[in-house]
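Presented below is the structure to which this report refers.
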Amino acid sequence: MPTTRPTTRDTEKLAWRKSSYSDGSGGNCVEIAVLGGAVAVRDSKAPDQPHLLIPRDRFTALLTTLTHR
């Protein structure tokens, strides 16, 4: 069964959130939002630009790898 990719409209409705480490000073930061079985990731300085859509299990693996470095 083919999978459908989310549209821009789908991601506009998401509840985007920044890291708790973000100080709000406009520095380099990403935002994430959960979309079904995936996590959407975007640049907080350019929210209208394209974003990444990563399967949840892969996103979890990424976070695990980054926190154990």
If you measure from CZ on F59 to CG on L53, what distance do you get to the nearest 0.5 Å?
11.0 Å

Would a distance-only check, ignoring hydrogens and angles, find a side-chain to backbone donor-acceptor pair under 3.5 Å from S44 to C29?
yes

Atom of E31, atom of W16 and distance for their closest heavy-atom approach
O-CZ3, 3.7 Å

Testing V34, L35, I32 one by one against L14 for a side-chain contact (heavy atoms from CB on, under 4.5 Å), which residue passes?
L35

Can you spot which of I54, L62, T60 makes a side-chain contact (heavy atoms from CB on, under 4.5 Å) with R58?
I54

Pair H51, V41 - check side-chain contact (heavy atoms from CB on, under 4.5 Å), show working.
CA-CA 6 Å; H51 55 274; V41 182; 5.8 Å; no

